[in-house]
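First comes the structure, then the notes that go with it.
Predicted model, so just to flag it, every value in this text is computed and none were measured.
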Amino acid sequence: MSSREPKMSTDEFPQAAVLAGVLLPRRNAEETPLEELVGLAEAAGLRVVGQVLQKREAPDAATYLGRGKADELRQLVHSRAADLVVFDNDLSPAQARNLEKELRVRVLDRTELILDIFAVRARTHEAQLAVELAQLEYAMPRLKRLWTHLERQTKGGVGLRGPGEKQLELDRRLTARRIHELKRELDLIHRRKQREVVARKRHKTVSLVGYTNAGKSTLMNALTGADVYVEDALFATLDTRTRRWQLAGWGPVLLSDTVGFIRDLPHHLVASFRATLEEARQADLLLHVADGSSPAVLHQISAAHKVLSEIGLQTKDTLLVINKVDKVEDRAALHALTQRYPHAIPISARTGEGLHRLSATVSESLARRFLELEIETLVENGRLTAFLAHHGEIFSHRYGSDGRTVIHCRLPEEYAGILPQLGAIRLHRRVNGKSLPMEADRDASPDRLPEAGVW
């Protein structure tokens, strides 16, 4: 574990929390429905002292839980001397207010807990701004809950004579102004990030995505020799890190580690962290890392896929990587998982198992986006030769007696269309050792990864 990044601090005597949740019909069945919430609570520095779970067709409009379960929860909170209750659901402002009156302790919902974890773990200026924006957008409709005890302003003055305005209205204006400032600053960061990522396009880029605590940072350390922060906890890191990966059979590529996903990731966070996710949006290939040792691995894969869809990356070339196979006790379960995803690559970032196969598959996948070409041009056309050397790889020159040369090279497919403008006289594509005119291959769809290997 790197010592350069501090661990999340907790109080000497952590707050005692009771966890509560309502399983609705649309929720996927899990063996331990509150297991993830336990991990989130521990990541926030809470001490879990009890759990209450209820299955309902629909949440109660007033308290989310039914009346009987609410009474059971109140008794459990009292008997365990709990300091707060954490719900595995998102509560409306009215539901949270009613529950606090009923339970007489503070009530947090799932989004509020995740925002609290993000606030503590945010290290860079960008991450701190993104978390503050998400917190303010979450708090905006809940301001009334904080200021119901205040009366109208009574002091007069120019522009303030008369009954005045509620403190709530003043806070709403201040909050809206701060949200506007944060969005403007984050938009500048996002545009700068876009320019930085585009400027690196001379290198192929690969991004690690997936469920939080799936081992992405450990994998980055194993592949690149980096010293990024690693901790066995949810949302151990929030900031994108990019390192140089010397990929066997290919050369150097840029490998980026992004913020982890989670089931029902708050929309405020998805929007606020768009600059952080720019690395994944611009990547040539995504490595979707899943925790093969988790009983909920299928749900985690589905949750990560949902987040990728929300940010518009559902069609990007993706390889599924099943990590932590060294921790899988039930080998039959691992076999069933690889049967379900036959193109997935089982690895252990901790022991190094499967990393050679992963590197070879990534190299092969990146090559599918390249064309092997034979380009005929004039010998003196240094502009085209320089372009090919910069954006691709030149294998050989074959010179003729008519002042022309044939260049055998490999080039990203997106650049093939501009070669005639750079002086290419004839283009041929090499396929299985045969040379075919590009016109004959024009209608062929670009090679993509097999769909079965993605999800």
Side-chain angles (χ1 to χ4, degrees), residues 1-3 5 31-32 35-36 39 43 206-237 241-250 253-262 280 283 285-305 317-366 449 452-455:
M1 178 188 299
S2 170
S3 60
E5 188 162 346
E31 294 181 10
T32 50
E35 180 181 11
E36 183 178 87
V206 179
S207 276
L208 300 171
V209 298
Y211 214 75
T212 181
N213 205 29
K216 297 186 298 298
S217 297
T218 303
L219 179 58
M220 167 169 271
N221 288 342
L223 295 176
T224 67
D227 187 26
V228 300
Y229 179 67
V230 175
E231 181 185 349
D232 186 15
L234 302 181
F235 300 118
T237 55
R241 292 172 172 85
T242 301
R243 299 292 186 271
R244 190 181 182 92
W245 178 18
Q246 193 66 29
L247 186 60
W250 180 269
V253 299
L254 297 180
L255 183 65
S256 297
D257 182 17
T258 58
V259 61
F261 302 150
I262 198 169
L285 179 69
L286 300 182
L287 297 184
H288 175 188
V289 184
D291 181 359
S293 66
S294 171
V297 59
L298 294 178
H299 302 311
Q300 293 177 2
I301 291 173
S302 177
H305 188 199
D317 289 344
T318 306
L319 289 176
L320 179 61
V321 180
I322 307 297
N323 192 22
K324 303 186 182 182
V325 296
D326 58 305
K327 298 174 64 174
V328 178
E329 297 179 357
D330 186 359
R331 306 308 291 185
L334 178 60
H335 178 71
L337 186 61
T338 54
Q339 288 291 107
R340 182 185 181 101
Y341 301 106
H343 294 276
I345 305 169
I347 68 162
S348 169
R350 188 177 67 87
T351 67
E353 178 184 349
L355 294 188
H356 288 299
R357 179 187 170 192
L358 174 62
S359 297
T361 305
V362 170
S363 181
E364 179 185 349
S365 301
L366 290 176
L449 298 180
V454 180
W455 310 114

| request: Could I get the full list of salt bridge (Lys or Arg N to Asp or Glu O under 4.0 Å) partners for E364, not counting sequence neighbours? | output: R368
| Passing option when L287 is tested against T361, V362, V209 for side chain to side chain contact (heavy atoms under 4.5 Å, CB included) | V362
| field | From V253, L247, L358, residue fulfilling side chain to side chain contact (heavy atoms under 4.5 Å, CB included) relative to S363 | value |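 With S363 as partner, side chain to side chain contact (heavy atoms under 4.5 Å, CB included) holds for just one option, L247.
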| Going by atom types only, do D326 and T351 share a side-chain donor-acceptor pair under 3.5 Å? |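 Result is no, nothing qualifies.
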Minimum heavy-atom distance [X]-[Y], with the two atoms named:
{"X": "R357", "Y": "I345", "result": "CD-CG2, 4.1 Å"}
{"X": "S217", "Y": "D257", "result": "OG-OD2, 2.7 Å"}
{"X": "A214", "Y": "N323", "result": "O-ND2, 3.0 Å"}
{"X": "A222", "Y": "A349", "result": "CB-O, 3.7 Å"}
{"X": "K327", "Y": "S293", "result": "CB-CB, 3.9 Å"}
{"X": "L320", "Y": "A290", "result": "CD1-CB, 4.3 Å"}

| message | Closer than 3.5 angstrom, by distance alone: can the side chain of S359 be matched with the main-chain N or O of L355 as a donor-acceptor pair? | response | yes
| said: Taking D291's backbone N and O only, do any of them form a donor-acceptor pair with S294's side chain (distance below 3.5 Å, no angle check)? | reply: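 No; judged by distance alone, with no hydrogens or angles, the pair does not exist.
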Atom pair [atom1]/[atom2] of [X] and [Y] - distance to nearest 0.5 Å:
{"X": "K216", "Y": "S207", "atom1": "NZ", "atom2": "OG", "value": "11.5 Å"}
{"X": "F261", "Y": "H288", "atom1": "CZ", "atom2": "NE2", "value": "8.0 Å"}
{"X": "Q300", "Y": "N213", "atom1": "CD", "atom2": "CG", "value": "8.5 Å"}
{"X": "R350", "Y": "K324", "atom1": "CZ", "atom2": "NZ", "value": "10.5 Å"}
{"X": "R243", "Y": "L255", "atom1": "CZ", "atom2": "CG", "value": "10.0 Å"}
{"X": "L285", "Y": "L208", "atom1": "CG", "atom2": "CG", "value": "10.0 Å"}

| task | Start with the C-alpha distance between L219 and V289, add both sets of side-chain angles, then the distance that settles side-chain contact (heavy atoms from CB on, under 4.5 Å), and finish with yes or no. | result | CA-CA 9 Å; L219 179 58; V289 184; 3.9 Å; yes
Looking at side-chain heavy atoms only, is the closest gap between [X] and [Y] below 4.5 Å?
{"X": "R340", "Y": "L298", "result": "yes"}
{"X": "I322", "Y": "L337", "result": "yes"}
{"X": "S365", "Y": "L319", "result": "yes"}

| request: Check side-chain contact (heavy atoms from CB on, under 4.5 Å) between H356 and all other residues, then give those that pass, not counting sequence neighbours. | output: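 Partners of H356 under the side-chain contact (heavy atoms from CB on, under 4.5 Å) test: none.
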